[in-house]
Amino acid sequence: MTSIAQDLSKIVGAAFEAQNLPADLGLVRASDRPDLAQFQCNGAMVAAKQAKKNPREVAQSVVDALSNNDIFSKIEIAGPGFINLNVTDAYLKEYLTTLENFGVEPTDEERQVVLDYGGPNIAKAMHVGHLRAAIIGDSVRRIMSFKGYKTLGDVHMGDWGTHMGMLIGDYMREDEQDIVLNADLKDAATVQSLMEDFAVRYPKASGAAKANSDLMQEARDITVKLQDKEEPYYSIWQKIREVSVEGMKKTYEHLGVEFDLWKGEADVHDYIDPMVDDLKAKNLAYISEGACVIDVAEDGDKKELPPLILKKSDGGVMYGTTDCATIVERVKLYNPVKIVYIVDQRQSLHFEQVFRAIRKAQIVSDNVELTHAGFGTMNGKDGKPFKTREGGVMRLEDLISMAIEKATARLNDANLASEIDEAERADVAYKVAIAAIKFADLQNQRQSDYIFDLDRLTSFEGKTGPYVLYQTVRIKSLLDKAKAQNIVFQDADLIVKEEDRALVLLLGQFPDALTLAIGNYAPHHLCEYIFKLAQAFSSFYGNVHILSEENEALRNSRLLLSQNVAALMEQALKLLGMTVPARM
RNA sequence: GCGCCCGUAGCUCAGUUGGAUAGAGCGCUGGUUUCCGGAACCAGAAGUCAGGGGUUCGAAUCCCUUCGGGCGCACCA
C-alpha cells in the first residue's frame, strides 16, 4: 500500500503508456483546486509540448483509456489540459480499511545510513546554536529509521582542536590541573562544578590567546603535544572530555535528542597517519608552505577552491583532517550507503573540500552518497546572528527552562490543572515545552536562515507543537470515553460522507509527506502535513458529531476514522521527536 | 576581488521542483459554549511574490540584469 496519489499514479501512468507516452507523466497529485477536483495530473501538457501536439487531445486520449476504470467518480479535462480526477467513496473506504503502516512501504533493502548532527565542542556550554542540528538531525534519523533504513546518529563532538590547547594551557599556567586530574566523576556535584569551571575558564583562555600571540602559540604547541598523546596533557584532556560528555548527554536527553554513537574527533586520530601516508603514496598529498595538503580544485570550477590542509606546518591536524579520517573509520566499521551531515550551511565549502578529497582518494566507492544537508543561520530579530541582550549566546538549558516555565503557567491557567497531580503536571509541561521548541524550529525549511524568536519558540497557539499535541490529546480523550461506554467500533463499516471525505483523503497523503521529508532531509514537510491533518480534524470535530452522533453506524465509523487520525498523529509526532501526553 | 544563499501579507514562514484564483500562523475586525476538551472553531480585511527584461500555452519557481540583506574564501572549529 502506498499513498492514494501514488496508487492513482500507477493507474494513470498505465493509461499514458497505452498511448505510447512515458508512464511517469501519469504522476497524480492532490489537486490545488479542491473546488474542482480531488486530484490532478499535468502530464498531458508536458507530453503535448514534447510531441508538439494539442494538449487537450493528448489528455482526451488518456482519459479515454481511463474511462473503463471504476475507481474514478469523475474524470475531466480542464483548462489547457489538466486531467482532474475524483475517486469513489468505495475506493476511499477500501484504501483506508486495508491500510498498513500508514501506507508507508519499507525501503527495498535494509541499508546503513550514518547521520552526523551533533558537533558541540567539549568544555563549552551547549547553546541555542546547537539546537537546529540536534532537532533536525534527530528527526531525520527517526524518519529514515521508520522508513526501514538502518540509522546511526553520531554526535561527533569537537574534542581535538586548539580550543583544548587553550583550556589545558590555562590550567597548567595557574597550576590548577589537579582540580581536573583528581576529580571524582561519580560525584554529580563535582561534575557540575567542573562544568561551571570550564564555562568560565574557556572564554577567559580563548580571549587571552586572541589578545596575546605568545599565549596562542603556547596553545598550539600544547595541542600538538596533546595530539601526540603526551602527558600530562592527555590525561587532563581525558578527564575534561569525560566530564563534558556527561553534561552533553544530559542536555541532549533533556531535549529528547538521541545518538547511537558518542564519538569525537579524537577517536579517529589513529586513522590519520595511515590515511596521510596513503594519500602521499597516491601522489595526492604534498607539502605546500610547510603544510601537508591535498588539492581539491577541478577543471571547470567557477570558484577558487583552496587545498585541504591535512597537517599544519607544526604537525597538528585540522578539522578537515579528522573529518576525512572519520569517513575512513565509518566506511571500515559500518559500510554505509549514505553519510549525511546536518551541519550549518556556512560549512558548505569545508564539506565540498572534504568530499572531493575523499572521492579523489577513492576512500568511498562511487555509489556511497556523501551529503551536507546544511541549515541556515539562526539570526536575531535584527537579522544578525543571534545574541542575547547581554551580547552572549543563550544556553540550551536556559531555553528549555523558559519554555517549561511558560507551559507550566499555561497549564495552571487551564481548568485541568487542579485535577492533575504535581508530577504529571511537570511531565505535561515538559512535553508541551519540547514540542513547542521543536515544532517552531522544524517547520522552517532547512537551508534558509531563520529568526530566533523566543516568543515563537514558547508559543502554544496556532501553528505550534502544542496545538498539534492538543488535537491528538482531544481525539484520544474521545476514544477513551467511547471505551468507557463499552462502545466497540474497531470493526465498524467505514461510511464516507461529505464531512469525512477530506479527512480520509488527507490520511492518504501521509506517505507522500514522508517521501518528501526523506528525499530532502527536510522534516518541515512532515510538520506541514501534521498541521494540516490536525487542522482538518479540528474542523471535523467542530462541525460534526462523533461520539454524540445518534446514528450508531455513523458514530462507530467516525470513531474508527478518529482512531486512525490519532494513531497517525502520534506516530508522525514521534518522528519529529515529540511525545503526546495523556492530557494537557 | 571570487563564490554561495536569500528577498513572498504589518510580523514569522510554507509554496509538492514550470500549472488553474499565491497559502498558513501571529496580529487586526466580527462571530461561536444548554451537545464529544475554547491551547478550539467559523468568517473577514490584508500581496506590484524586491525592481526590470527574457524563455512559453503558462513563471513566486528557469535564464539575464539592477537593487537590498546574509555568509564563505590554507594552517580556528
Side-chain angles (χ1 to χ4, degrees), chain A residues 5 29-33 35-36 40 42 45-46 48-49 55 78-82 84 119 121 158 160-163 216 220 265 288-293 301-314 316-320 322 344-350 352-353 374 376-377 379 381 383-385 407 410-411 413-416 432 440 443-445 447-451 453 455-456 459-464 466-467 469-471 473-475 477-478 481-482 509 512-513 515-516 520 524-525 527-528 531-532 535 538-539 541-549 555 562 583-584:
Chain A
R29 49 185 242 200
S31 174
D32 45 31
R33 289 289 303 273
D35 53 320
L36 298 180
Q40 64 178 318
N42 305 337
M45 291 180 287
V46 179
K49 189 168 202 165
F82 296 99
N84 283 341
N121 284 339
W160 211 226
T162 311
H163 63 297
M216 182 62 92
R220 289 206 183 101
E265 297 173 324
S288 166
E289 295 175 34
C292 179
V293 305
D301 278 348
K302 283 193 171 178
K303 59 190 167 193
E304 286 176 44
L305 223 60
L308 184 71
I309 295 181
L310 296 165
K311 290 231 171 175
K312 298 190 280 185
S313 39
D314 65 9
V317 300
M318 306 239 301
Y319 80 136
T322 53
D344 195 313
Q345 191 69 53
R346 286 174 292 186
Q347 302 290 332
S348 62
L349 180 62
H350 165 73
E352 185 155 14
Q353 288 178 292
T377 313
N379 290 330
K381 282 182 179 171
K384 295 185 176 143
R410 178 69 187 79
L411 194 56
D413 287 345
N415 300 329
L416 281 168
V432 168
Q443 67 173 291
N444 295 301
Q445 198 222 9
Q447 44 268 47
S448 51
D449 290 354
Y450 94 139
I451 300 203
D453 181 349
D455 291 337
R456 186 162 171 247
S459 136
F460 307 141
E461 275 136 44
K463 193 172 184 176
T464 64
Y467 172 86
L469 289 189
Y470 172 76
Q471 297 303 345
V473 166
R474 207 162 59 159
I475 306 172
S477 161
L478 195 66
K481 280 215 170 75
Q509 284 181 24
D512 296 331
T515 301
L516 280 174
N520 302 313
H524 84 279
H525 285 116
C527 285
E528 204 65 32
F531 180 67
K532 252 183 11 198
Q535 238 182 355
S538 195
S539 177
Y541 184 92
N543 289 315
V544 307
H545 293 274
I546 302 171
L547 188 56
S548 51
E549 169 60 47
R555 178 197 65 190
S562 302
R583 46 190 175 167
M584 61 186 278

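The model shown is predicted, which means the values in this text are computed figures rather than measured ones. Numbered from 1 within each chain, the chains take letters A, B, ... in sequence-line order.
With hydrogens and angles ignored, a donor-acceptor pair under 3.5 angstrom links the side chain of A/Gln40 to the base of B/A20. Judged by atom type and distance alone, A/Asn84 reaches the base of B/A20 through a side-chain donor-acceptor pair under 3.5 Å. A/Tyr319 contributes a side-chain N or O that forms a donor-acceptor pair with the base of B/A77 under 3.5 Å. Applying the 3.5 Å distance criterion, the base of B/G1 shares no donor-acceptor pair with the side chain of A/Lys303. Residue-to-nucleotide contacts include no donor-acceptor pair under 3.5 Å from the side chain of A/Ser348 to the base of B/G72. Remark: the A/Thr464 side chain and the B/A39 base include no donor-acceptor N/O pair separated by less than 3.5 Å.
Distances from the side chain of A/Met318 to the nucleotides B/A74, B/G19, B/C76 place B/C76 closest. Each of B/U21, B/C41, B/A39 was ranked by its minimum atom distance to the side chain of A/Arg33; first place goes to B/U21.
Across the C1' atoms, B/A40 and B/G58 are found 40 Å apart, a figure rounded to whole Å. Using atom P as the reference point in both B/U65 and B/A22, the two lie 30 Å apart (nearest Å). Atom C1' of B/A50 sits at a distance of 16 Å from the matching atom of B/U61, rounded to the whole Å. When the P atom is compared between B/G44 and B/A24, the two are found 11 Å apart, to the nearest whole Å.
In textbook terms, a nucleotide whose glycosidic angle is within 90° of 0 is syn, and B/U17 is one such case.
A/Gln345 comes within contact range of no nucleotide atom at all, as no heavy-atom separation falls under 4.0 Å. No contact: A/His350 has no heavy atom under 4.0 Å from any strand.
The phosphate of B/G38 (OP1 or OP2) has a side-chain N or O of A/Arg474 nearer than 4.0 angstrom.
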